K.L.:
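Take a look at the following structure, please.
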Amino acid sequence: MTIALIDGNNFYVSCERVFNPRLEGRPVVVLSNNDGCVVARSAEVKALGIKIGTPWFQLRDLARQHGIVAQSSNYALYADMSNRLMAVLGQFSPDQELYSIDECFLGLAGFGHRDLVNYGQAMRRRVRQWLGLPVCVGIAATKTLAKLANHCAKKNLAGADGVCDFGRIDAAELSRLFSAIAVGEIWGVGSRLSRQLAERGIASVEALRQADARILRREFSVVLERTLAELNGISCVTLDEAAPNRQQIISSRSFGSYVHALEPLQEAVASYIAIAAEKLRSRGLLAGMVQVTIRTNPHQADSPQYQRGLTIPLSQASDDTLRLTRAALWGLKRIYRPGFAYQKAGVALLNLSVAGTPQLDLFAQARDNTRLMQTMDRINGIWGRGTLRSAAEGVQQEWRMRRERISPGYTTCWAGLPVARAG
DNA sequence: CTATAACTCTCAA
DNA sequence: CTAACGTTGAGAGTTATAG
């Protein structure tokens with residue numbers, strides 16, 4: 001089996017640059033929701049040593065000093081660019097697994113072996129020409145190795161020019177290459193495992209590859225044992241083209257500023273339910289349980305802390321925003337305590353089942369507002385989310401998150417387009 | 001006791 | 001100007017609970 005992993009370079013930053021070429025060559029970061037932390041960095045920012053996840057307010061001086069441009073994240077834009085990216089890459093293989101917003105695997109079985117580097121370069125050229133986005137390509141025998149090859153392509157290791165095919169590198173050179181890569185770069189090896197492995201003298205990819213499977217199994221987990229097999233070219237993680245149905249749908253956000261009273265919390269929870277329920281319906285699912293959570297700011301250690309959640313089972317699975325909202329607000333009332341500065345609320349839809357095969361409740365009373373929901377989704381699909389919404393979501397919504405540096409919805413909203421004035 | 005639900009921890013992007 | 005630290009999803013392993 002041969003698998004390619006294609007990954008966007010600095011994806012969010014690159015999306016911003018497509019529509020704002022003045023950002024080209026300048027240090028650019030994209031911030032998380034609420035303009036909180038750095039979630040994407042241009043090469044110039046990485047060169048300054050700024051780490052992913054750094055709170056933006058800690059960077060103010062450095063940013064001024066180096067002229068760093070910060071953008072609020074614009075997920076509508078990135079999702080739209082992602083769809084286009086996946087469509088272009090899908091032209092290169094009948095077997096495609098969408099893995100994340102900027103990554104996909106392509107199955108390259110039966111593509112021959114000599115031309116794969118060229119084939120990868122062809123992908124890069126087409127994506128660059130059609131979308132303006134830079135990507136890198138990793139090619140290898142397993143998903144884990146393809147991810148690692150992609151890392152090499154990004155870092156220009158082993159003479160890669162944006163494409164790295166482990167199939168073209170001989171065993172001795174591969175060993176040398178792997179000895180120079182930290183074990184934490186491996187897919188599935190996070191910070192904790194890296195530390196524990198290092199304590200046992202396993203610090204590089206090569207060291208892990210040479211490790212004993214039984215010992216890894218005993219001292220760590222099945223997962224790491226699988227990773228080891230994958231590193232040695234034995235495929236354990238299959239290419240999944242059909243995305244499985246969701247097990248849960250979550251919508252949670254921090255507030256733009258602290259919230260104390262119950263009413264704004266109710267508005268936020270109702271709004272988050274509306275978002276989650278819309279996603280639920282778009283996937284043709286029903287929720288059997290609704291979970292609601294609220295919490296204060298855990299970073300503010302000296303102010304009173306409170307965190308609670310409650311899961312509410314529904315008598316009958318539903319995709320009706322109004323019914324789900326009632327359940328969530330019922331739960332919120334039970335967990336809410338006055339006297340705290342709430343920083344975040346969230347909802348989750350759980351126990352999901354496929355619509356059309358409902359578990360009927362003999363004693364069911366209320367009926368879902370199916371037609372109303374369809375109408376609402378259609379209107380909001382045309383005019384934007386929240387155009388038609390339940391009164392529970394509120395009007396002013398002062399708790400809404402900060403997005404002070406948002407770019408226009410270039411591909412998703414007419415108002416976002418720069419207009420050339422006549423005369 | 002077992003089976004499962006509920007919860008915690010880890011990882012990923 | 002202030003003050004300010006993300007979101008969503010999954011799987012494995014552990015603990016609590018029901019029968």
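Being a predicted model, the structure only gives us computed values, none of them experimental. Per chain, numbering begins at 1; letters A, B, ... match sequence-line order.
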K.L.:
Just grab all the side-chain hydrogen bond (donor to acceptor under 3.5 Å, both in side chains) pairs involving residues 48-63 of chain A, residues at least two apart or on different chains.
P.N.:
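Residue pairs with at least one partner in residues 48-63 of chain A: A:Asp61-A:Arg64.
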K.L.:
Could you tell me whether A:Asp35 and A:Arg405 have a side-chain N and a carboxylate O separated by less than 4.0 Å?
P.N.:
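Between A:Arg405 and A:Asp35 there is no salt bridge, as every charged N stays at least 4.0 Å from the carboxylate O atoms.
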K.L.:
Is it the case that A:Ser271 and A:Arg389 place a side-chain donor and acceptor less than 3.5 Å from each other?
P.N.:
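Short answer, no.
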K.L.:
Just to verify, what does A:Arg400 make a salt bridge (Lys or Arg N to Asp or Glu O under 4.0 Å) with, not counting sequence neighbours?
P.N.:
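None.
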K.L.:
Return the 5'-most residue of the pair A:Phe220, A:Asn245 with respect to DNA chain C, ranking by each residue's nearest nucleotide.
P.N.:
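Residue closer to the 5' terminus by nearest nucleotide: A:Asn245.
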K.L.:
Hey, could you give me each pair passing side-chain hydrogen bond (donor to acceptor under 3.5 Å, both in side chains) that has a residue in residues 232-245 of chain A? Not counting sequence neighbours.
P.N.:
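For residues 232-245 of chain A: A:Thr238-A:Asp240.
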K.L.:
At the 4.0 Å heavy-atom cut-off to chain A, mark where contacts on DNA chain C begin and end, going 5' to 3'.
P.N.:
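Listing 5' to 3', DNA chain C meets chain A from C:dA4 to C:dG13.
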K.L.:
Contact class for A:Leu193 vs. all strands (heavy atom < 4.0 Å): base, sugar-phosphate, or nothing?
P.N.:
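Sugar-phosphate contact only - A:Leu193 comes under 4.0 Å of backbone atoms but never of a base.
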K.L.:
Ignoring hydrogens, what is the shortest heavy-atom contact between A:Ile68 and A:Leu62? Give both atom names and the distance.
P.N.:
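Here A:Ile68 and A:Leu62 meet closest at CD1-O, 4.3 Å.
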K.L.:
Looking across every strand, which nucleic acid part, if any, lies under 4.0 Å from A:Phe11 by heavy atom: base, sugar-phosphate, or nothing?
P.N.:
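No contact.
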K.L.:
Tell me what A:Trp56 touches on the nucleic acid: a base, only sugar-phosphate, or nothing, going by heavy atoms under 4.0 Å.
P.N.:
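No contact at all - A:Trp56 keeps every heavy atom at 4.0 Å or more from the nucleic acid.
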K.L.:
Check every strand shown and say whether A:Gln300 touches a base, only sugar-phosphate, or nothing at a heavy-atom separation below 4.0 Å.
P.N.:
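Sugar-phosphate contact only.
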K.L.:
Taking the same atom, C1', in B:dA12 and in C:dG6, what whole-Å distance lies between them?
P.N.:
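Going atom to atom, C1' in each nucleotide, I get 14 Å.
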K.L.:
Please classify the nucleic acid contact of A:Glu404 as base, sugar-phosphate, or nothing, using heavy-atom distances under 4.0 Å.
P.N.:
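If one applies the 4.0 Å heavy-atom cut-off, A:Glu404 turns out to touch nothing in the nucleic acid.
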K.L.:
List in chain and number order the residues that pass side chain to side chain donor-acceptor pair (under 3.5 Å) with A:Asn74, two or more places apart in sequence or in another chain; answer none if no residue qualifies.
P.N.:
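Counting only residues at least two positions away or on another chain, A:Asn74 forms a side chain to side chain donor-acceptor pair (under 3.5 Å) with A:Ser407.
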K.L.:
Run the side chain to side chain donor-acceptor pair (under 3.5 Å) test against A:Lys147 and tell me which residues pass, sequence neighbours left out.
P.N.:
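A:Glu103.
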K.L.:
Determine whether the side chains of A:Asn297 and A:Tyr258 contain a donor N or O and an acceptor N or O closer than 3.5 Å.
P.N.:
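A pair is found: one side chain offers a donor N or O, the other an acceptor, under 3.5 Å apart.
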K.L.:
Using heavy-atom distances to pick each residue's nearest nucleotide on DNA chain C, tell me which of A:Gly53 and A:Gln248 is more 5'.
P.N.:
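This one resolves to A:Gly53.
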K.L.:
For A:Ser251, answer base if it contacts any base atom (sugar-phosphate contacts may also be present), sugar-phosphate if it contacts only those atoms, and nothing otherwise; contact means non-hydrogen atoms under 4.0 Å.
P.N.:
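Since only primed, P, OP1 and OP2 atoms lie under 4.0 Å of A:Ser251, the category is sugar-phosphate.
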K.L.:
Select base, sugar-phosphate, or nothing to describe what A:Ile186 touches, counting heavy atoms under 4.0 Å on all strands.
P.N.:
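The answer is sugar-phosphate, as A:Ile186 gets under 4.0 Å only of primed atoms, P, OP1 or OP2.
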K.L.:
A:Arg402 near the nucleic acid: base, sugar-phosphate alone, or nothing, with a heavy-atom cut-off under 4.0 Å?
P.N.:
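A:Arg402: no heavy atom of the nucleic acid under 4.0 Å.
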K.L.:
Give one of base, sugar-phosphate or nothing for A:Ile250, where a contact means two heavy atoms less than 4.0 Å apart.
P.N.:
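Sugar-phosphate only.
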K.L.:
Could you tell me if the side chain of A:Ser14 sits less than 4.5 Å from the side chain of A:Val135, heavy atoms only?
P.N.:
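Not touching, per the 4.5 Å side-chain cut-off.
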K.L.:
Describe the nucleic acid contact of A:Arg60 in one word from base, sugar-phosphate, nothing, applying a heavy-atom distance below 4.0 Å.
P.N.:
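Base: the residue A:Arg60, judged by heavy atoms under 4.0 Å, touches a nucleobase.
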K.L.:
Across the strands shown, which category fits A:Asn297 at heavy-atom distances under 4.0 angstrom: base, sugar-phosphate, nothing?
P.N.:
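Since only primed, P, OP1 and OP2 atoms lie under 4.0 Å of A:Asn297, the category is sugar-phosphate.
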K.L.:
Output yes when A:Arg195 and A:Glu199 qualify as a salt bridge under the 4.0 Å nitrogen-oxygen rule, no when they do not.
P.N.:
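Answer for the salt bridge query: yes.
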K.L.:
List in chain and number order the residues that pass side chain to side chain donor-acceptor pair (under 3.5 Å) with A:Glu267, two or more places apart in sequence or in another chain; answer none if no residue qualifies.
P.N.:
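A:Glu267 satisfies side chain to side chain donor-acceptor pair (under 3.5 Å) with A:Trp399 once adjacent residues are dropped.
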K.L.:
Earliest and latest nucleotide of DNA chain B, 5' to 3', sitting under 4.0 Å from a non-hydrogen atom of chain A?
P.N.:
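Both ends considered, the range comes out as B:dT10 to B:dA13.
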K.L.:
When you measure from every atom of DNA chain C, which of residues 306-314 of chain A have a heavy atom less than 4.0 Å away?
P.N.:
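Residues of residues 306-314 of chain A that come under 4.0 Å of DNA chain C do not exist, since none gets that close.
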K.L.:
Stems in DNA chain C: runs of 3 or more consecutive Watson-Crick or G-U pairs, distances under 3.5 Å?
P.N.:
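Looking at DNA chain C, the stems formed by three or more consecutive pairs are B:1-13 with C:7-19.
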K.L.:
How would you list, by chain and number, every residue that makes a ring pair (Phe, Tyr, Trp, His ring centres under 6.0 Å) with A:Tyr78, sequence neighbours excluded?
P.N.:
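Ring pair (Phe, Tyr, Trp, His ring centres under 6.0 Å) list for A:Tyr78, sorted by chain: A:Tyr12, A:Tyr75.
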K.L.:
Kindly write out the residues that satisfy salt bridge (Lys or Arg N to Asp or Glu O under 4.0 Å) with A:Arg209, not counting sequence neighbours, or none if the list is empty.
P.N.:
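Salt bridge (Lys or Arg N to Asp or Glu O under 4.0 Å) list for A:Arg209, sorted by chain: A:Glu206.
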